Enquirer: 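Got a structure for you, written out below as structure tokens; questions coming shortly.
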Amino acid sequence: MKRYCQTLTLVENPEMIEKYVEAHAHVWPEIIEGQREVGILDMQIYRKGRSLFMIMDVKDDFDFQRDMARLATLPRQAEWEAYVAQFQGCDPDAPSSEKWQLMERIF
């Protein structure tokens with residue numbers, strides 16, 4: 001199993017942040033199914049203020065560029081990305097792999 005950690009900063013708006021949190025309490029089933037289909041075994045997102053930290057555990061043969069690009073083509077994924085983009089403090093037209101910045105493991 002491989003692990004990827006990523007970070008993202010939300011918009012500076014408490015109401016929008018709460019809506020983002022609420023959206024993730026009810027992630028659409030197609031989104032979870034798509035993650036499993038491309039090899040994401042588990043995904044967790046943590047928040048402190050506007051800062052998000054994502055942990056993705058993936059299959060050994062998962063290729064980040066290839067499989068995240070494939071995920072973007074699956075049913076409802078583009079719709080989900082467009083919906084959550086309003087809460088994210090980055091270019092709403094950027095793909096998820098550009099919004100979420102990979103972190104380097106140092107320990």
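Just so it is clear, the structure is predicted and the values come from calculations on it, not from any experiment. The figures here come from the full heavy-atom set of this structure, side chains too, leaving out hydrogens, waters and symmetry mates.
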Enquirer: Keeping the roles fixed (side chain from Glu18, backbone from Glu15), state whether a donor-acceptor pair exists under 3.5 Å.
Expert: no
Enquirer: At their closest point, which heavy atom of Ala85 faces which heavy atom of Lys99, and how far apart are they?
Expert: CB-NZ, 3.4 Å
Enquirer: In sequence, state the C-alpha distance, the side-chain angles, and the governing distance for Arg70 and Glu37, and then conclude on side chain to side chain contact (heavy atoms under 4.5 Å, CB included).
Expert: CA-CA 10 Å; Arg70 182 169 167 240; Glu37 186 176 324; 3.0 Å; yes
Enquirer: Taking all heavy atoms of Cys90 and all of Leu8, pick out the closest pair and write down the distance.
Expert: SG-CD1, 4.4 Å
Enquirer: Compare all side-chain heavy atoms of Val84 with those of His24 and state whether any distance is below 4.5 angstrom.
Expert: yes
Enquirer: Identify the heavy atoms of Arg66 and Asp61 that sit nearest to each other, and give their distance.
Expert: NH2-O, 3.0 Å
Enquirer: Is any side-chain heavy atom of Val58 closer than 4.5 Å to one of Phe64?
Expert: no
Enquirer: Are side-chain heavy atoms of Ile17 and Arg50 found at a separation under 4.5 Å?
Expert: yes
Enquirer: At what distance, to the nearest 0.5 angstrom, does CE of Met56 lie from CD of Gln6?
Expert: 5.5 Å
Enquirer: Between Glu79 and Trp28, does the side chain to side chain contact (heavy atoms under 4.5 Å, CB included) criterion hold? Intermediate values first, please.
Expert: CA-CA 10 Å; Glu79 183 183 353; Trp28 305 338; 3.8 Å; yes
Enquirer: Find out if a path of hydrophobic residues (ILVMFWY) with successive side-chain heavy-atom gaps under 4.5 Å connects Met68 to Met103.
Expert: no
Enquirer: Trp80 vs Arg76, test: side chain to side chain contact (heavy atoms under 4.5 Å, CB included). Steps then yes/no.
Expert: CA-CA 6 Å; Trp80 174 260; Arg76 297 205 70 195; 5.8 Å; no
Enquirer: Please find the pair of heavy atoms, one from Ile55 and one from Cys5, that lie closest to each other, and give the distance.
Expert: CG1-SG, 4.2 Å
Enquirer: Considering only distance and modelled atom types, tabulate donor-acceptor pairs under 3.5 Å from the side chains of residues 38-46, sequence neighbours left out.
Expert:
residue: Asp42; atom: OD2; partner: Gln44; partner atom: NE2; Å: 2.8
residue: Gln44; atom: OE1; partner: Tyr46; partner atom: OH; Å: 2.5

Enquirer: Any side-chain heavy atom of Arg47 sitting closer than 4.5 Å to one from Tyr20?
Expert: no
Enquirer: With a 4.5 Å heavy-atom cut-off, do Met54 and Tyr4 have their side chains touching?
Expert: no
Enquirer: Checking Thr7 side chain against Phe53 main chain: does a donor-acceptor pair fall under 3.5 Å?
Expert: no
Enquirer: Report the C-alpha separation of Asp91 and Glu98 in whole Å, then their side-chain angles, then the decisive distance to 0.1 Å, and conclude whether the side chain to side chain contact (heavy atoms under 4.5 Å, CB included) test is met.
Expert: CA-CA 9 Å; Asp91 179 359; Glu98 289 180 16; over 6 Å; no
Enquirer: Testing the basics here: between Lys2 and Asp60, what is the closest heavy-atom pair and its distance to 0.1 Å?
Expert: CE-O, 3.2 Å
Enquirer: Is there a path from Leu74 to Tyr83 through hydrophobic residues (I, L, V, M, F, W, Y) whose side chains come within less than 4.5 Å of each other?
Expert: yes
Enquirer: Work out which heavy atom in Phe87 is nearest to a heavy atom in Lys19; give both atom names and the distance.
Expert: CE2-CB, 3.5 Å
